[in-house]
Amino acid sequence: MARRYASKLTWDDVTPREAYLNRRQIMAGGAALAGATLMTRGVQAAQDAWDLTPNTLEQITSYNNFYEFGTGKEDPARHAHMMTTAPWSIQIDGMVDSPGTYSLEDIIAGQTIEERIYRLRCVERWSLVVPWNGFELSDLLERVGVQDRARYVAFETLARPEEMLGLRVPVIDWPYREGLRLDEAMHPLTILATGLYGQPMPNQNGAPIRLVVPWKYGYKSIKSIVRITLTDEQPVTAWNAYAPNEYGFYSNVNPNRAHPRWSQEFERRIGGGLFARNIETLMFNGYEDEVAHLYDGMDLIEFH
Ligand SMILES: Nc1nc2c(c(=O)[nH]1)N[C@H]1C(S)=C(S)[C@@H](COP(=O)(O)O)O[C@H]1N2
Ligand SMILES: [Mo]
């Protein structure tokens with residue numbers, strides 16, 4: 001593991017959960033007015049730090065969305081072992097100088113794998129904090145040579161019905177597809193992850209290689225990628241094609257844009273118990289400083 005990116009997200013910042021809970025109890029007990037401001041700040045600081053405590057390996061690998069293995073949260077953990085992940089290759093095509101079918105070994109060769117502790121916010125309102133291992137997508141795109149006309153990057157997941165039981169049900173139009181605008185794909189926060197917690201990517205989390213775009217709803221972070229295409233047209237994406245009003249192409253986490261069937265103002269941190277039920281959803285999932293400039297002048301409600 002080499003450098004870490006987002007400065008806020010390190011293990012060192014983590015406040016022990018006991019301290020956080022203590023503060024909450026003191027507050028609830030009615031702090032003296034004089035101490036109230038200080039106390040509130042203390043709680044805020046503790047909450048901010050606690051907010052970035054990685055979930056446990058158990059939580060990250062037992063509560064998943066990977067519809068190729070079923071729509072239940074426990075289906076991926078139960079069935080994803082059926083997926084063969086070696087050998088693995090990714091077809092890279094479209095507007096690139098060096099199109100081809102690259103083995104996973106070729107893709108990873110020479111890459112420095114770093115740890116990135118990111119929030120993951122599902123559109124369904126639950127969230128996790130995951131210590132991913134991976135490298136910037138831009139590294140790979142630069143290696144294959146993006147041509148000037150390219151404006152978007154399209155991704156596809158493996159679709160192998162013998163190994164993926166969920167493909168028998170036409171939930172979405174398989175294969176699972178996703179896409180990013182080129183500048184989003186080139187952003188340093190956008191990674192291809194090959195593992196988590198320092199171990200190879202568990203199948204249920206998208207082995208052997210998946211996308212992670214931390215400021216967008218989780219469904220943009222497509223798993224088990226077998227194809228990457230550079231194109232000049234906005235690509236068709238699985239959830240957007242399924243219900244365009246519910247799932248936009250951009251899918252930036254936005255507490256101000258309600259899903260047609262529920263508010264996005266709050267989220268529930270998996271495994272957090274009572275205190276993690278009504279966490280305020282952060283604009284761009286907390287990555288506003290890093291990514292807001294990508295959307296300058298854009299109406300984020302219309303282009304959701
Ligand atoms: N191929 C594929 N990728 C996918 C999904 C899926 O069903 N199929 N689910 C998405 C959704 S909705 C979320 S919230 C995240 C969940 O990632 P995790 O299981 O690693 O937490 O994966 C995303 N990537
Ligand atoms: Mo999701």
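Note that the coordinates shown come from a computational prediction; the quantities given were computed from them, not determined experimentally. Numbers here are sequence positions counted from 1. Order of listing sets the numbers, starting from 1, for every ligand and every atom in it.
Side-chain atoms of Ile225 and Tyr176, non-hydrogen and from C-beta on, never get closer than 4.5 Å to each other.
Below 4.0 Å from some heavy atom of Cys122 lie the following atoms of ligand 1, by number and element: 14 (S). Each of the atoms 1 (N), 2 (C), 6 (C), 7 (O), 8 (N) of ligand 1 lies under 4.0 Å from some heavy atom of Glu68. Short contacts between ligand 1 and Thr157, defined as distances under 4.0 Å to a heavy atom of the residue, involve ligand atoms 1 (N). Under a 4.0 Å criterion applied to the non-hydrogen atoms of Ser221, ligand 1 contributes the atoms 22 (O), 23 (C), 24 (N).
The parts of Tyr67 lying near ligand 1 are both backbone and side chain, judged by heavy-atom distances below 4.0 Å. Only the side chain of Leu120 comes within 4.0 Å of ligand 1, counting heavy atoms alone; its backbone N, CA, C and O stay farther away.
Without hydrogens or angle criteria, Glu178 side chain to Ser221 main chain gives no donor-acceptor distance under 3.5 Å.
Between Arg210 and ligand 1, at least one N/O pair is under 3.5 Å apart. Among the atoms of Tyr63, none of the N or O lies under 3.5 angstrom from an N or O of ligand 1.
With Phe155 as the aromatic partner, Lys223 does not meet the cation-pi criteria of under 6.0 angstrom to the ring centre and within 45 degrees of the ring axis.
In this structure, atom 22 (O) of ligand 1 lies nearest to the protein heavy atom Lys223 CE, 3.3 Å. Counting only heavy atoms of the protein, atom 15 (C) of ligand 1 lies nearest to Gly218 O, 3.6 Å.
Below 30°, between 30° and 60°, or above 60°: for Tyr242 and Trp239 the angle between ring planes is above 60°, a perpendicular geometry. Phe69 and Phe66 have perpendicular rings, their planes meeting at more than 60° on a 0 to 90° scale where under 30° would count as parallel.
When the options Trp126, Tyr176, Tyr219 are ranked by their closest heavy atom to atom 6 (C) of ligand 1, first place goes to Tyr176.
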